[in-house]
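See structure below.
Computed over heavy atoms, backbone and side chain alike; hydrogens, waters and symmetry mates excluded. Note that the coordinates shown come from a computational prediction; the quantities given were computed from them, not determined experimentally.
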Amino acid sequence: MTTGTRADQPMADGRRGGHTVRHQALLYGDERAFIAGTLPHVREGIEAGAPTFVVPPGHEAEALRDSLGQDAQAVQFIDPADVYTNPVRAMAAMTVVAKSLGPRPAWVVASDDWSRYRDAIDWVRYDSTST
């Protein structure tokens, strides 16, 4: 899924977006598929010299670090436990990151172990509003 909003164009409901946002959902079933889907995106951010953030569960973070090799030093890895405590706090954390960057583009990979949430529908709503 890809969506976008430009700062100089009204959004569908008449509001104005702050920056162009491209949101892509990656559905994966195992670590190999996660790496295949995220590694090119992370490398693109590194090669662009842009801030690059990764917020995946531990085993996926380690697999991505290993796959990046020395390039992992250019990526800020964030523990999802610090972000995904509930949808409101997750949105607040991402907003803080976005505001700190100003107009600079950033590459972000964010994921969590959704099976640990009884209120998964709230997380789906959060994800749909983060575009």
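For the pair Arg89 and Tyr84, the cation-pi test (distance below 6.0 Å, angle within 45°) is failed.
Between the CD atom in Glu31 and the CD atom in Glu62 there is a gap of 10.0 Å [rounded to 0.5 Å].
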Show, in sequence, the C-alpha distance, side-chain angles and deciding distance for Phe34 and His59, and conclude whether the side-chain contact (heavy atoms from CB on, under 4.5 Å) test is met.
CA-CA 11 Å; Phe34 174 78; His59 59 92; over 6 Å; no
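Connection of Leu26 to Val83 is not established within any shared hydrophobic cluster, with ILVMFWY side chains joined at heavy-atom distances below 4.5 Å, either directly or through further cluster members. Note: the hydrophobic cluster containing Leu101 also contains Ile78 (ILVMFWY, side chain heavy atoms under 4.5 Å, direct or indirect links). Cluster annotation: Phe77 and Leu39 are assigned to the same hydrophobic cluster (Ile/Leu/Val/Met/Phe/Trp/Tyr, side-chain heavy-atom contacts under 4.5 Å, transitive).
The side chain to side chain contact (heavy atoms under 4.5 Å, CB included) test with Ile35 singles out one residue from Leu68, Leu64, Asp30, and that residue is Leu64.
Summarising the geometry of Ser111 relative to Pro80, their closest heavy-atom pair is O-CB, 4.1 Å, with the distance given to 0.1 Å.
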Under 3.5 Å, which donor-acceptor pairs do the side chains of residues 40-54 form with other protein atoms, sequence neighbours left out?
residue, atom, partner, partner atom, Å
His41, NE2, Val108, O, 3.4
Arg43, NH1, Asp71, OD2, 2.5
Arg43, NH2, Ser67, O, 3.1
Thr52, OG1, Ala50, O, 3.0

